Amino acid sequence: MAGQAALSLNDVPAQVAAEAEEQGSLSAAIAGEFAELAAAMAAMRDRLRSGDVESAAALQELQDAAAAAEQRVSAAAQMRQQRLADATERLSEAFAPVDLYQAADSDGEPWEERTGTMNEVVGAHLYAAGMANAAATFEEEANVSIDGSVKEQHRGLHALLDAARRRDVPAVQEYIAGVQRRVAEGSLPAFGGPGFVLLTTQLGDVEFALRKLCAVKLIRSGDRLAALSYIRKHLAIYQDEPARWKEVSKLIGGLAFISAPAASPYGLDRDDCIDALWEEIACGLTECWHAATQTPKHAHLTLALAAGMEVMPTLQKYRALPAVFRRNNTAFALPVLPKEMLFRSSISCPVTQQVTTSGDGPNPAMILPCAHVISRAAVESSLVRALNHTLKCPYCPCECQRSDCQPLFL
């Protein structure tokens, strides 16, 4: 979470460095034994030359010294080999791959597959993809129940997209007129929020693309007067918008080649011209629908997979650490996800007894450093009453500052 230090893997290199230092000490001890034995042999040679010792006694003394040195060197070599094996094992444990469903948590309990939750996500994804029949069959076979409002939202969107695929201009015009009417009445859920700005922008784009489509169809039909009349009535209003007026100018230029469309430099006679316009309309309708209903434009399964690809490598590295390192109060930070992957939960605040707002609402759920959750209104009111501007958690003795409280995203 925000404010926590990044995960540090310095413990493992430190352990290995300590092992290397010990191995170096052991190697130095072994070399010292050989040096001492060589020095003893040199001293014995001088004693033999001076006649201080008999040959048999000198040989026996050197043999005893060599046997003692051999025992010490053998013990040091065994210890060195064991240290090397221990260091290798530590490295293998620290970077071993993790099976997420078989890995044990900090209490030694294995993780469980959330099959019910995953089946609900898959079912909702099928509805979002427009495969209503397959989704209904999956619900029955997997014994899960998808929320009815989710199904209706997706059915409505794909009915609209089906109309676009059928190139049903009246159906698309009817939807645009209906949304514009609700915008004028202020009866949309997104009214007044950031989604409202996106909705009005997308509505304008779809309406312009639809009008351009109708003009292209009239030009391709060869009816110059009808096409010119339509452009004057429905497209002249875009004169003050340079980007859109540039597109309108191409349509006006296309009127000059209405009798010889193949010679036109504007490509209005190409087979893919109409297809491209309908694809633009379908994309715009999708954006409008999600902005009007305040639903994510990507299916939940798609978002879950994309978010998982972002955070799973970090989680795998953390889970791969030996338990002794994970229990050492090691803090770590997940990668920062894009806004469309963040969802705020709605809870009942124990302090204000009010339900927190979701999305970009004014009163989201806030998590304290102690991991307890209250609303932003509760945080602000508690700080106003506090003499030292320190927030006291209503659940535990923890005290913190306003900057320590973070919005809760799921």
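Since the structure is predicted, the reported quantities are computational estimates derived from the model, not experimental observations.
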Report summary line: So CG of Leu225 and CG of Leu255: to nearest 0.5 Å the spacing works out to 10.0 Å
Query raised in the report: Any side-chain heavy atom of Pro350 within less than 4.5 Å of one from Ile374?
Result: yes
**Report entry** Reported CG-to-CG distance for the pair Leu218 and Asp223, which is rounded to 0.5 angstrom
**Finding:** 7.0 Å
Report task. For Glu207, check side chain to side chain donor-acceptor pair (under 3.5 Å) against everything at least two apart and list the hits. Result -> Gln180, Arg211
Query raised in the report: Among all residues two or more places apart in sequence or in another chain, which pass the ring pair (Phe, Tyr, Trp, His ring centres under 6.0 Å) test with Phe257?
Result: none
Requested in this report: Apply side chain to side chain contact (heavy atoms under 4.5 Å, CB included) to Ile367 and His372, showing your working.
Outcome: CA-CA 6 Å; Ile367 185 168; His372 289 128; over 6 Å; no
Requested in this report: For the residue pair Leu391 and Arg402, establish whether any side-chain heavy-atom pair is separated by less than 4.5 Å.
Outcome: no
Query - Residue pair Trp289 / Leu157: nearest heavy atoms and the distance that separates them - result: CZ2-N, 3.4 Å
Requested in this report: With rounding to the nearest 0.5 Å, note down the distance linking CD in Glu280 to CG in Asp205.
Outcome: 7.5 Å
Query raised in the report: Who are the side chain to side chain donor-acceptor pair (under 3.5 Å) partners of Asp275, not counting sequence neighbours?
Result: Arg167
Report summary line: Taken to the nearest 0.5 Å, the spacing of Leu277 CG from Lys217 NZ works out to 10.5 Å
Query raised in the report: If you take all heavy atoms of Thr352 and Ser375, which pair is closest and at what distance?
Result: OG1-OG, 3.7 Å
Query raised in the report: Got more than 12 heavy atoms from elsewhere within 6.0 Å of CD, Glu140?
Result: no
Query raised in the report: Do Phe208 and Val248 come close enough that some side-chain heavy atom pair is under 4.5 Å?
Result: yes
Query raised in the report: Hey, does Pro364 have a side-chain heavy atom less than 4.5 Å from the side chain of Thr356?
Result: no
Query raised in the report: Which pair of non-hydrogen atoms, one from Cys273 and one from Arg220, has the smallest distance, and what is that distance?
Result: CB-NH1, 4.1 Å
Report task. Take Val179 and Cys288, measure what side chain to side chain contact (heavy atoms under 4.5 Å, CB included) needs, and give me the verdict at the end. Result -> CA-CA 9 Å; Val179 176; Cys288 288; 6.0 Å; no
Query - Exam field: side chain Arg376 to backbone Ala365, donor-acceptor pair closer than 3.5 Å - result: no
Query raised in the report: If you round to the nearest 0.5 Å, how far is CG of Leu285 from CG of Leu161?
Result: 6.5 Å
Report task. Using side chain to side chain contact (heavy atoms under 4.5 Å, CB included) as the criterion, list what pairs up with Lys392, not counting sequence neighbours. Result -> Glu399
Donor-acceptor list for residues 226-242 side chains, cut-off 3.5 Å, not counting sequence neighbours:
from	atom 1	to	atom 2	distance (Å)
Gln239	NE2	Ala236	O	3.3
Glu241	OE1	Arg244	NH1	3.1

Query raised in the report: Does some side-chain heavy atom of Leu368 sit less than 4.5 Å from a side-chain heavy atom of Cys398?
Result: no
Requested in this report: State, yes or no, whether a side-chain contact exists between Gln406 and Met366 at a heavy-atom distance under 4.5 Å.
Outcome: no
Requested in this report: Evaluate the side-chain proximity of Leu203 to Val206: yes if any heavy-atom separation is below 4.5 Å, no if none is.
Outcome: no
Requested in this report: Show your working on side chain to side chain contact (heavy atoms under 4.5 Å, CB included) between Tyr266 and Val216 and close with a plain yes or no.
Outcome: CA-CA 11 Å; Tyr266 304 109; Val216 170; over 6 Å; no
Query raised in the report: So with a 6.0 Å cut-off around CD of Glu279, is the heavy-atom count from everything else above 12?
Result: no
Query raised in the report: Under the 3.5 angstrom rule, does the side chain of Thr286 hit a backbone N or O of Ala282 as a donor-acceptor pair?
Result: yes
Query raised in the report: Counting heavy atoms not belonging to Asp64, are there more than 12 under 6.0 Å from its CG?
Result: yes
Report task. Ignoring hydrogens and angles, tell me if any N or O in the side chain of Asp404 forms a donor-acceptor pair with the backbone of Pro369 under 3.5 Å. Result -> no
Report task. Could you pull out the closest heavy-atom pair between Cys400 and Cys405, with the gap in Å? Result -> SG-SG, 4.0 Å
Requested in this report: Taking side chain to side chain donor-acceptor pair (under 3.5 Å) as the test, write out the residues that go with Gln173, two or more places apart.
Outcome: none
